[in-house]
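Here the structure is laid out as structure tokens; the discussion comes afterwards.
These numbers come from the heavy atoms of this one structure, side chains and all, not from hydrogens, waters or symmetry mates. Since this is a predicted model, take the numbers as computed values, not measurements. Each ligand, and each atom within it, is numbered from 1 in the order the structure gives.
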Amino acid sequence: MPSLSEAYRAHPVHVNHKHPDFNSLQELPESYTWNHLDDHTLIKEGTTSSIVPVIDLNDPNASKLIGHACKTWGVYQVVNHGIPISLLDEIQWLGQTLFTLPSHQKLKAIRSPDGVSGYGLARISSFFPKLMWSEGFTIVGSPLDHFQQLWPQDYAKHCDTVLQYDEAMKKLAGKLMWLMLDSLGITMEDIKWAGSKAQFDEKACAAMQLNSYPSCPDPDHAMGLAPHTDSTFLTILSQNDISGLQVQREGSGWVTVPPLHGGLVVNVGDLFHILSNGLYTSVLHRVLVNRTRQRFSVAYLYGPPSNVEICPHEKLVGPTQPPLYRSVTWNEYLGTKAKYFNKALSSVSLCAPINGLFDVNDSNKSSVQVG
Ligand SMILES: O=C(O)CCC(=O)C(=O)O
Ligand SMILES: [Fe+2]
């Protein structure tokens, strides 16, 4: 079975890693200036329709509430999720420590052109004419080699934090996935490739993405991370206390996901959108930056074993509900995403082919995007 890093490697990224020292820039360079940020669509915050649902995992109705949130928003926040706040603080601290290293030090751990792990610009950069006001560090598998470069003395304790976070997140992501499936009336027996719960937890694939959004001299014209959906089943995001993440909601526009101390944001990704036959929406999201405070986030990107075929579940299709998507593996979908980016879902749609999207089976070309 190809591992997730092999799957990413099969679809290499071509990002031009010109790494600025953000802190030294007093003005927003032209290459970072986004002239048409469509904020007029932003709805008034504070109205009930604009609040991303917050779900208590101890609530006996959690699965139902999650299902409703996935259907109406494609995103929710969870509390009482069982991850110790101290571990969330530790991973945030790790990101902060990493991104505040001097540029020359960070560049020692730069993502290689055919690699997936390491320091670099957002992988989605190649799809936009302007640069994003952010830096990232991707971890697939062990971060040991890169961490030894970054912290010749202290690497072991940072590796240990990543390992602990990975274990805790994998458990939580599995739990959330089964709650989401349960809300659709799908049980473990209905998912043939899952095996037992323990087997599935072992086989599921994941990547970790540390993000930093430095303070910005002209935030109204800068973009931290451009609009995208994640290619995952689901993504669990831990953000520090600085807001910036926004999700798009039909009829409302961009809505801020407010930081909630100890809370975690959960996004529905493209693969779950496919599996649910479009009932649960893969959420379009972006990140804005601000003038005074640096924002950090950690995204845990979670999906099935990379060679398992994902298709609309048979329980959700029938004579009146035809399957809306063809089946894809995560491996193949990464190639599709690399080619079509935000049109990747449409490109595997069975009912609404988009003009100009041909040859979707040819997934070995071009650049790729993580999430
Ligand atoms: O920083 C955030 O809030 C979002 C990050 C994100 O969307 C990603 O890493 O895919
Ligand atoms: Fe994302």
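Taking every non-hydrogen atom of Ala299 and a distance limit under 4.0 Å, the qualifying atoms of ligand 1 come out as 9 (O). Below 4.0 Å from some heavy atom of Asn211 lie the following atoms of ligand 1, by number and element: 1 (O), 5 (C), 9 (O). Contact atoms of ligand 1 toward Val287: 1 (O), 2 (C), 3 (O), 4 (C) (distance under 4.0 Å to a heavy atom of the residue). The distance from ligand 1 to the heavy atoms of His285 drops below 4.0 Å at these ligand atoms: 7 (O). If you number the atoms of ligand 1 from 1 as listed, the ones under 4.0 Å from a heavy atom of Asp230 come out as 10 (O).
Only side-chain heavy atoms of Leu237 come within less than 4.0 Å of ligand 1; its backbone N, CA, C and O stay farther off. Contact annotation: for Val265 versus ligand 1, there are no heavy atoms closer than 4.0 Å. Contacts between Leu225 and ligand 1, counted as non-hydrogen atom pairs separated by less than 4.0 Å, involve the side chain only.
The Fe ion (ligand 2) lies closest to atom NE2 when only the N/O/S atoms of His228 are considered. Nearest N, O or S atom of Asp230 to the Fe ion (ligand 2): atom OD1.
Aromatic ring pairs are classed by plane angle as parallel below 30°, tilted from 30° to 60° and perpendicular above 60°; the pair Tyr165 and Tyr300 is perpendicular.
Under the 4.5 Å side-chain criterion, counting only non-hydrogen atoms from C-beta, Tyr280 is not in contact with His273. Looking at Phe22 and Gln294, their side chains never come closer than 4.5 Å, going by heavy atoms from C-beta outward.
Look at Gln239 and you'll find every heavy atom at least 4.0 Å from all atoms of ligand 1. Distances shorter than 4.0 angstrom occur between a heavy atom of Arg295 and an atom of ligand 1.
With 3.5 Å as the limit, one finds a donor-acceptor pair spanning the side chains of Thr235 and Asp230. In this model, a donor atom of one side chain and an acceptor atom of the other lie less than 3.5 Å apart for Ser231 and Trp330. In summary, the side chains of Asp190 and Thr187 do present a donor paired with an acceptor at a separation below 3.5 Å, with no hydrogens or angles considered.
Across Gly262 and His81, no two heavy atoms sit closer than the pair O-NE2, 2.6 Å.
In terms of modelled atom types and a separation under 3.5 Å, the side chain of Arg111 and the main chain of Phe137 share no donor-acceptor contact.
Phe272 has its ring centre less than 6.0 Å from the ring centre of Phe233.
On a distance-only criterion, Gln209 and ligand 1 share no N/O pair closer than 3.5 Å.
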